[in-house]
Amino acid sequence: VDSNTQLDMEKLQNSFPGFRNKYRLIKRIGEGTFSTVYKAEDLQYDYYDNSWDLDKENEKWTPPPLKRTDYSTQHTSQTLDHAQRSAQTLGHSSATLDYMQHREQPRRRPKYVAIKKIYVTSSPTRILNELELLHDLRDCQAVCPLITAFRHTDQVVAILPYFRHTDFREYFRKMTVPDMAIYLRSLFTALSYVHHKGIIHRDIKPTNFLYDPTSQRGVLVDFGLAEREGTECKPCLCHDDPNVRRSRLRAAHLAGTGPHNGYPKQDTRPSRRANRAGTRGFRAPEVLFKCTEQTTKIDIWSAGVILLTILSRRFPFFNSADDVEAMIEIATIFGHRRMRAAGQLHGCMFETTIPTIGNVGFSFERIILWSTCRSDDREGLSKDEKMAVEFLARCMDLDPSRRISAVEALDHPFLMMGMD
Ligand code: ADP
Ligand code: MG
């Protein structure tokens with residue numbers, strides 16, 4: 001533990017009254033855009049004072065019912081200072097968000113926890129959103145549950161069971177195709193549950209899916225950017241019948257309000273607002289095309305990017321600095337023609353004169369052979385790899401409506417390979 005981390009840990013321990021009696025900080029395990037995460041020992045772990053039960057038989061977490069009566073998201077006002085807003089949004093009553101409930105029976109709880117210290121610069125509504133979505137997903141084994149959350153002035157910490165995992169970069173190059181199938185089956189099991197609840201994770205990437213290659217189990221974390229499907233949604237052409245879409249595009253073109261030529265020679269995407277939250281390199285094409293009616297399928301694309309990374313043994317696979325570059329990278333693979341069609345789905349014109357973007361692009365098979373230095377190999381991909389590539393193509397379909405869903409994915413022969 002270096003001295004800076006030591007200092008941060010001291011600060012955290014002092015920022016909550018009684019913190020030292022509850023947790024012993026061990027080390028820093030993660031640092032993201034929105035939080036720092038520490039591993040800690042729960043000092044009262046065998047003396048249970050809240051109602052998170054670990055049902056041994058079903059290996060399932062049972063949380064307390066959400067008992068919060070006095071918070072309101074309506075009160076967020078620009079004029080209040082941040083601490084005040086936090087208090088109003090996240091509850092006045094006590095420093096502990098009321099996820100906790102007194103129980104007479106002592107219960108077991110995990111000895112090690114992950115303490116997620118959410119940066120005070122995150123908006124209170126955002127923090128509340130994350131906590132609420134986690135609460136909604138509490139019954140899913142493949143989603144890391146929220147044990148409790150505390151607030152002290154404008155500082156919020158979330159307490160999660162600690163999940164042992166290995167850094168993706170340490171194992172992804174060594175994975176066999178059956179290993180990939182098991183990994184992705186675990187990820188898609190989590191996604192099928194999250195999507196069934198109508199929630200879009202929005203930030204699927206290796207650091208948000210904690211995986212233990214030894215036990216071959218994984219959990220999904222980080223719902224900081226997640227949202228319910230249909231939030232801030234405006235109709236997008238991609239949800240129309242293809243005939244309706246064509247006539248609308250034609251009408252817009254005639255009226256001169258339609259998509260213009262020139263992109264990405266010059267950015268002429270509609271200046272509409274669309275949720276672009278996520279991580280560069282993992283954003284689905286419809287996010288880049290500013291689709292205003294995004295669905296859970298954006299997570300499937302990102303999961304596909306993870307598979308492409310593993311198959312090609314290159315991380316990060318996409319390395320764009322911005323959305324325009326990201327589109328060029330995708331267009332290089334898929335080719336101009338398919339990229340143009342993908343843009344039109346959302347009322348965007350994709351035009352480019354970049355010479356490396358061909359009309360038809362390249363197959364995933366060729367890309368994987370190249371990136372694993374097997375381009376001369378006459379045999380090409382193995383039978384297993386071909387099955388993985390077939391699945392990959394279903395995940396990385398430019399058209400979200402044709403892209404495979406998480407539930408369908410679990411029945412795909414490739415993921416069936418990952419069944420015990
Ligand atoms: P951020 O919003 O800052 O990305 P995350 O929730 O993704 O926060 O957590 C950041 C990192 O902390 C993760 O990539 C992971 O390494 C570690 N981490 C988060 N939750 C846990 C957990 N329950 N168990 C173990 N490590 C965790
Ligand atoms: Mg994260």
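Worth knowing before you read on, the calculation uses all heavy atoms, side chains too, and leaves out hydrogens, waters and symmetry mates. Residue indices begin at 1 and follow the sequence shown. Since the structure is predicted, the reported quantities are computational estimates derived from the model, not experimental observations. Note that ligands are numbered from 1 as they come in the structure, with each ligand's atoms numbered from 1 the same way.
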Residue, atom and distance of the protein heavy atom nearest atom 23 (N) of ligand 1 read P161 O, 2.9 Å
One finds that the ligand 1 atoms under 4.0 Å from a non-hydrogen atom of G32 are 3 (O)
Checking contacts here: is it the side chain or the backbone of K39 that comes within 4.0 Å of ligand 1, counting heavy atoms only? Could be both or neither.
neither
Given that the side chain starts at C-beta and the backbone is N, CA, C, O, which of these parts of V219 lies under 4.0 Å from ligand 1, counting heavy atoms, or is it both or neither?
neither
Flag the pair E227 and R126 as a salt bridge only when some basic side-chain nitrogen lies within less than 4.0 angstrom of an acidic carboxylate oxygen.
no
Quick one: do K117 and E31 make a salt bridge, cutoff under 4.0 Å?
no
Which of the atoms in ligand 1, numbered in the order shown and given with their element, are less than 4.0 Å from a heavy-atom of Y162?
24 (N), 25 (C)
Test side chain to side chain contact (heavy atoms under 4.5 Å, CB included) on D384 and F414; report intermediate values, then the result.
CA-CA 8 Å; D384 277 1; F414 171 61; over 6 Å; no
Can you tell me which residue and heavy atom of the protein come closest to atom 10 (C) of ligand 1, and the distance to 0.1 Å?
V37 CG2, 3.7 Å
Is the closest N or O pair between K116 and ligand 1 shorter than 3.5 Å?
yes
Residue and atom name of the nearest protein heavy atom (relative to atom 24 (N) of ligand 1), distance in Å to one decimal
F163 N, 2.9 Å
Look only at the side chain of H201 and the backbone of V221, and say whether a donor-acceptor pair between them is shorter than 3.5 Å.
yes
H412 and E390: side-chain donor and acceptor closer than 3.5 Å?
yes
N or O pair under 3.5 Å between A114 and ligand 1
no
Please verify the inter-ring angle class for Y211 with Y183; under 30° counts as parallel, over 60° as perpendicular, anything in between as tilted.
perpendicular
Nearest protein heavy-atom contact for atom 26 (N) of ligand 1: which residue, which atom, what distance?
H165 CE1, 3.2 Å
Interatomic distance, K22 atom NZ to F16 atom CZ [nearest 0.5 angstrom]:
9.5 Å
re atom 3 (O) of ligand 1, the protein heavy-atom contact at minimum distance is S35 OG, 2.6 Å
Does the gap between the ring centers of W301 and F282 come in under 6.0 Å?
no
Does C144 have a non-hydrogen atom less than 4.0 Å from ligand 1?
yes
Judged on heavy-atom distance to atom 14 (O) of ligand 1, which of D222, T207, V221, I29 sits nearest?
T207
Between the side chains of Y38 and T5, does any donor sit under 3.5 Å from an acceptor?
no
Using 4.0 Å as the upper bound for N to carboxylate O, is an ion pair formed by D42 and K111?
no
for atom 27 (C) of ligand 1, nearest protein heavy atom and its distance come out as L210 CD1, 3.5 Å
In terms of heavy-atom contacts, I368 and L311 come closest through CG2-O, 3.5 Å
Tell me which N, O or S atom from D222 is the closest to the Mg ion (ligand 2).
OD2
So for ligand 1, is E31 a polar contact partner (N or O within less than 3.5 Å, distance only)?
no
Ranked by distance from atom 11 (C) of ligand 1, the top protein heavy atom is G30 CA, 3.9 Å
Metal site the Mg ion (ligand 2): N/O/S of N208 inside 2.8 Å:
yes
